[in-house]
Amino acid sequence: LRSLVGSEMCIRDRKNPHRIIIAILLLIGSSISTDIFAQVKKEANPPRALFQSANYLHPVEGSYVELILSFDALSLEYAQIDNYYQARLEVLYVIRKLNKVVKYQKFEILSPRMMHESNRQDFADIQTMTLKPGEYTLEIQIWDANREIEPVKAVQPLIVKLKENKMAVSKIVFERDVKPTSGKGPFVKNGVEMTPWLVNTIPAYMSGIYIYAEVYNSEFELGAKGAYIEKHTLRNLDVDSVFANYSIIKRVNTAKVNIILKKLDVTNLPQGAYSYSIELFDRENDIVGSNAIQFYRESLIPNLEMQISSEQLADFETYIRSSTNRDSIVDFVRCVRPLATTADQNFIDYNWSRASTESLQTFLLNMWQELHSENPFVEWNKYRKMVSVVNREFGSAAKPGYDTDQGMTYLRYGAPDQITDRSQEPSSYPYIIWQYYAHPKQANAMYVFYDPSLTYRDYQLLHSNVRDEKNNPRWRLILQSRNNANGDVDKMQGTDHWGGNVDDYYTNPR
């Protein structure tokens with residue numbers, strides 16, 4: 001079992017060139033694209049870090065969360081101390097429930113000592129906090145203590161759902177490396193030291209990744225001498241096909257806690273989006289626990305081509321009804337929300353976590369066959385490939401891509417004809433302008449997305465010139481209020497500032 005310990009630094013010697021660009025990047029600092037401005041403002045670039053949270057259950061301590069930060073060493077300031085160099089960070093976690101603070105922790109993280117500043121290594125920190133089941137909000141602030149700059153801030157939901165005396169499987173997480181050890185530490189679990197992998201892309205140079213999860217309370221629910229079936233499934237999301245040679249079905253004896261640690265060989269996986277699921281069945285073949293993790297495999301092996309027989313095309317209902325994993329059905333229902341009517345959107349928002357699996361399947365079948373009465377399976381696979389694209393391009397640790405404003409716009413209208421990315425414009429919030437030459441509602445449709453949280457991931461729709469879409473006459477002023485207050489409600493336009501070109505880019509996208 002994991003030990004509930006405090007802060008301890010662990011070196012991450014992970015030379016991964018993809019670590020900043022992949023999908024669950026939560027906190028990322030800005031790097032100014034203009035060389036002159038970069039030289040002037042270099043000291044103001046904030047630290048970059050990856051974040052991951054997971055809920056676990058301890059037999060004695062109860063429910064707790066594990067919070068991991070992994071820092072990009074190149075984004076930090078290293079100070080010389082005696083004959084070595086070291087980075088120093090201060091981190092604040094604030095957990096709220098209904099706006100009331102229930103947990104508060106501020107601590108210091110020190111990087112490994114370096115004899116030469118150029119020999120930097122990424123490093124990580126892990127914290128654990130006991131929390132009762134419920135829905136919380138986690139606020140994160142990170143200071144580079146070697147520089148006098150504003151902290152990096154982020155807010156995200158934190159759901160604690162594991163309960164005592166109820167059988168369940170924890171969140172599935174990736175581990176880059178594992179090795180047996182007799183020592184102790186925050187990254188040691190059950191006699192194994194693990195190096196977490198905090199992103200959901202597996203680069204082409206990696207041949208494998210470890211799957212880790214924990215199963216709780218099977219002994220309480222199924223009896224001390226009982227057993228259950230553990231089923232592992234790997235599914236390609238681009239074509240909704242199962243890789244049979246990766247499937248595992250085994251019998252497991254009950255216990256207070258059972259550990260799942262398995263190496264997933266990805267050498268021969270074609271490039272594309274995947275889901276790895278774990279399902280638990282009792283002796284009556286009823287599901288007593290399940291969870292899944294999605295990832296994108298980069299590979300030189302080309303994507304799987306869609307191969308669907310005419311018999312399969314005519315039997316879309318059988319395909320949906322045969323999906324036994326509730327998480328997959330919930331994902332299917334939520335991903336079609338951008339195409340739904342207002343009434344169907346209200347149904348999805350209220351029922352995706354409440355309704356039975358059968359009810360969600362029925363809703364999905366009715367809605368999709370109403371949209372595509374001919375060849376629904378063909379259209380479904382085309383749409384799921386688009387969902388895979390938006391999840392990869394716009395998703396984050398907090399939400400899948402289809403729940404973001406950019407993802408919803410993409411799924412409704414397709415890829416834009418023109419994209420203007422101004423994520424580094426001085427004095428403005430990061431913003432992106434999409435232009436559609438031919439839009440279903442009008443010609444020359446414009447969408448302005450911006451990121452007031454400065455996470456450089458979840459861009460919100462600020463303004464559009466399309467009817468029935470969000471229209472905000474003060475959008476220029478809001479966009480330029482990063483360093484300037486916009487309290488004057490009568491003011492509509494932003495102010496001229498160095499590097500500001502929003503009017504030009506909106507009028508003449510390029």
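- Considering only residues two or more places apart in sequence or on other chains, E230 meets the side chain to side chain donor-acceptor pair (under 3.5 Å) condition with H232.
- In this structure, W380 and F332 have perpendicular ring planes: the angle between them is above 60°, well past the 30° mark.
- The existence of a salt bridge linking R88 and E108 is confirmed by a sub-4.0 Å separation between a basic side-chain nitrogen and an acidic carboxylate oxygen.
- The closest donor-acceptor contact from the side chain of Y410 to the backbone of V390 lies at 3.5 Å or more, if one exists at all.
- Looking at S63 and N55, their side chains do bring a donor and an acceptor atom within 3.5 Å of each other.
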side-chain contact (heavy atoms from CB on, under 4.5 Å) between H372 and K382, intermediate numbers included: CA-CA 12 Å; H372 302 285; K382 290 179 181 178; over 6 Å; no
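- Shown here is Q345, whose CD atom has more than 12 heavy atoms of other residues, nucleotides or ligands within 6.0 Å.
- Between the side chain of E66 and the backbone N or O of A54, no donor-acceptor pair lies under 3.5 Å.
- Between the S388 side chain and the R384 main chain, no donor and acceptor come within less than 3.5 Å of each other.
- For the residue pair R321 and T357, no side-chain donor N or O sits within less than 3.5 Å of a side-chain acceptor on the partner.
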Residues Q141, E90; criterion side-chain contact (heavy atoms from CB on, under 4.5 Å); working and verdict: CA-CA 8 Å; Q141 295 190 47; E90 293 180 358; over 6 Å; no
Could you go step by step and tell me if I142 and F51 meet the side-chain contact (heavy atoms from CB on, under 4.5 Å) rule? CA-CA 12 Å; I142 303 175; F51 174 79; over 6 Å; no
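- Between W434 and F394, the ring planes lie tilted relative to each other; the angle falls in the 30° to 60° range.
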Using the rule given for side-chain contact (heavy atoms from CB on, under 4.5 Å), can you reason through T128 versus Y56, listing the C-alpha separation, both sets of side-chain angles and the distance that settles it, and then say yes or no? CA-CA 10 Å; T128 57; Y56 297 98; over 6 Å; no
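- A donor atom on one side chain and an acceptor atom on the other are not found under 3.5 Å apart for Y296 and N391.
- Remark: E370 CD is loosely packed, at most 12 non-hydrogen atoms of other residues, nucleotides or ligands lying under 6.0 Å away.
- Residues M167 and V215 approach most closely at CE-CG1, 4.3 Å, considering heavy atoms.
- Note on ring orientation: taking the six-membered ring where Trp is involved, the planes of F174 and F295 are perpendicular (angle over 60°, cut-offs 30° and 60°).
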Show every donor-acceptor pair shorter than 3.5 Å between a side-chain atom in residues 258-268 and any protein atom, with sequence neighbours excluded, or say none if there are none.
from : atom 1 : to   : atom 2 : distance (Å)
N258 : ND2    : Y228 : OH     : 2.9
N258 : ND2    : N253 : O      : 3.1
D265 : OD1    : T267 : N      : 3.0
D265 : OD1    : T267 : OG1    : 2.7
T267 : OG1    : S207 : O      : 3.4

